[in-house]
Amino acid sequence: AVLSLRPHLIWGPRDPHILPRLVDRALKGRLARVGDGNNMVDITYVENAAHAHICAAEKIMDPESSDKVRGRAYFIGDGKPVKLWDWINQLLQKLDIPPVKKSISYKTAYRIGALMEMIYGVLPLNGEPPMTRFTASQLAHSHYFDLSAAKNDLGYKALVSDEEAMRRTIEWLQEN
């Protein structure tokens, strides 16, 4: 018996990827909004993602509900999408970092990403490109999902509120 959980943009304390990169680039003045800044994105606080896994395990192990959930895919999020660049600026503000004011069009960011991918693919450079086509797309476009199946079939709901999640994350970022 198997099912698939699809949490989107997992964030929170001990995140080694997204948040440290955003903060580092913002501190260096190298973070620019990609696109018009109105894109809506689902985010999933790490403890809410863990809770979704527990809900899924309980349902798939339950003989009465296993047939209903087996083989299905479930989108997971904190409950409502956020305007990505407002959320990023809120995070930066709470860290006393100036908000993102520079912007770049999606087309330009996409072209830069393609060029960077090519350069990093040809030359023996360490690390990863500062921009990729995928990153440009994720930062510029809306991507949020219907969570009703996870709520109805798995009994999932976010346990940690947006405000509490942000408080915990800011506290961790300030300590590290």
Side-chain angles (χ1 to χ4, degrees), residues 2-35 37-61 69 72-101 109 127-132 134-176:
V2 66
L3 61 81
S4 175
L5 295 182
R6 296 178 175 168
H8 192 64
L9 205 155
I10 298 175
W11 66 287
R14 290 170 292 289
D15 169 11
H17 302 291
I18 296 169
L19 298 180
R21 289 176 184 166
L22 283 172
V23 169
D24 181 60
R25 288 191 179 139
L27 285 169
K28 292 176 179 174
R30 294 180 43 214
L31 184 59
R33 184 185 74 221
V34 179
N38 291 314
N39 52 316
M40 301 295 289
V41 175
D42 264 332
I43 59 175
T44 311
Y45 183 64
V46 64
E47 288 184 43
N48 291 335
H51 173 63
H53 283 77
I54 293 168
C55 291
E58 289 173 349
K59 290 296 181 179
I60 206 153
M61 299 300 286
V69 300
R72 296 203 50 206
Y74 295 93
F75 290 105
I76 304 299
D78 286 344
K80 62 182 185 285
V82 298
K83 194 181 265 191
L84 181 63
W85 289 98
D86 288 354
W87 183 81
I88 290 170
N89 279 331
Q90 176 189 8
L91 177 87
L92 296 175
Q93 176 193 10
K94 291 182 182 293
L95 292 168
D96 294 323
I97 300 171
V100 177
K101 295 201 178 184
E128 59 187 30
M131 178 60 72
T132 65
F134 177 78
T135 301
S137 182
Q138 292 295 298
L139 292 174
H141 295 117
S142 291
H143 36 103
Y144 56 94
F145 310 94
D146 181 356
L147 310 181
S148 61
K151 292 175 182 177
N152 296 333
D153 295 356
L154 305 178
Y156 169 77
K157 71 173 188 169
L159 295 181
V160 181
S161 71
D162 296 342
E163 296 79 20
E164 179 62 15
M166 183 65 79
R167 186 195 66 72
R168 292 177 187 180
T169 302
I170 295 301
E171 185 176 285
W172 177 78
L173 284 167
Q174 289 171 331
E175 292 171 359
N176 293 288

Salt bridge or not between E163 and R167? Use side-chain N to carboxylate O under 4.0 Å. no

For the pair H51 and Y156, evaluate side-chain contact (heavy atoms from CB on, under 4.5 Å) and give the outcome as yes or no after the intermediate values. CA-CA 8 Å; H51 173 63; Y156 169 77; 3.8 Å; yes

Is a donor on one side and an acceptor on the other found under 3.5 Å between the side chain of T135 and the backbone of M131? no

With a 4.5 Å heavy-atom cut-off, do R14 and V46 have their side chains touching? no

Atom pair NZ/CG of K80 and D162 - distance to nearest 0.5 Å: 4.5 Å

Which heavy atom of A49 sits nearest a heavy atom of I10, and at what distance? CB-CD1, 4.2 Å

Out of curiosity, L154 CG to Y74 OH, how far, rounded to the nearest 0.5 Å? 5.0 Å

Donor-acceptor pair, distance only, cut-off 3.5 Å: does the side chain of S142 make one with the backbone of M40? yes

Determine whether E128 and R21 make a side-chain contact, defined as any pair of heavy atoms from C-beta on separated by less than 4.5 Å. yes

Q174 to L95 - nearest heavy-atom pair and separation: CG-CD2, 3.7 Å

Residues R6, F145; criterion side-chain contact (heavy atoms from CB on, under 4.5 Å); working and verdict: CA-CA 10 Å; R6 296 178 175 168; F145 310 94; over 6 Å; no

Point-to-point distance, once rounded to the nearest 0.5 Å, from CD1 of I60 to SG of C55: 13.0 Å

Hey, are the side chains of K59 and D153 touching, using non-hydrogen atoms and a 4.5 Å cut-off? no

Residue pair H143 / D42, side-chain heavy-atom distance below 4.5 Å: no

Can you name the nearest heavy-atom pair linking A158 to N48, along with the distance? CB-ND2, 3.5 Å

Counting C-beta onward and ignoring hydrogens, is there a side-chain heavy-atom pair between V82 and Q90 closer than 4.5 Å? no

Does atom CD of Q93 have more than 12 heavy-atom neighbours from other groups under 6.0 Å away? no

Please examine the side chains of D15 and P20, heavy atoms only from C-beta on, and report whether any two atoms are closer than 4.5 Å. yes

Reported CG-to-CD1 distance for the pair L22 and I97, which is rounded to 0.5 angstrom: 10.0 Å

Which distance, rounded to the nearest 0.5 Å, do you find between the CG of D86 and the CG of L91? 12.5 Å

What's the spacing between D24 CG and L19 CG if we round to 0.5 Å? 12.5 Å

Taking all atoms of both residues into account, what is the closest heavy-atom pair of N38 and K83, and its distance? OD1-NZ, 3.2 Å

Would you please test W85 and N39 for side-chain contact (heavy atoms from CB on, under 4.5 Å) and show each step? CA-CA 8 Å; W85 289 98; N39 52 316; 3.4 Å; yes

Minimum heavy-atom separation for F75 and A150, please, with both atom names. O-CB, 3.5 Å

Side-chain contact, heavy-atom cut-off 4.5 Å: Y45 with P13? yes

What's the verdict on side-chain contact (heavy atoms from CB on, under 4.5 Å) for L173 and K94, showing C-alpha distance, side-chain angles and the deciding distance? CA-CA 10 Å; L173 284 167; K94 291 182 182 293; over 6 Å; no

L5 side chain reached by H53 side chain, heavy atoms, under 4.5 Å: yes

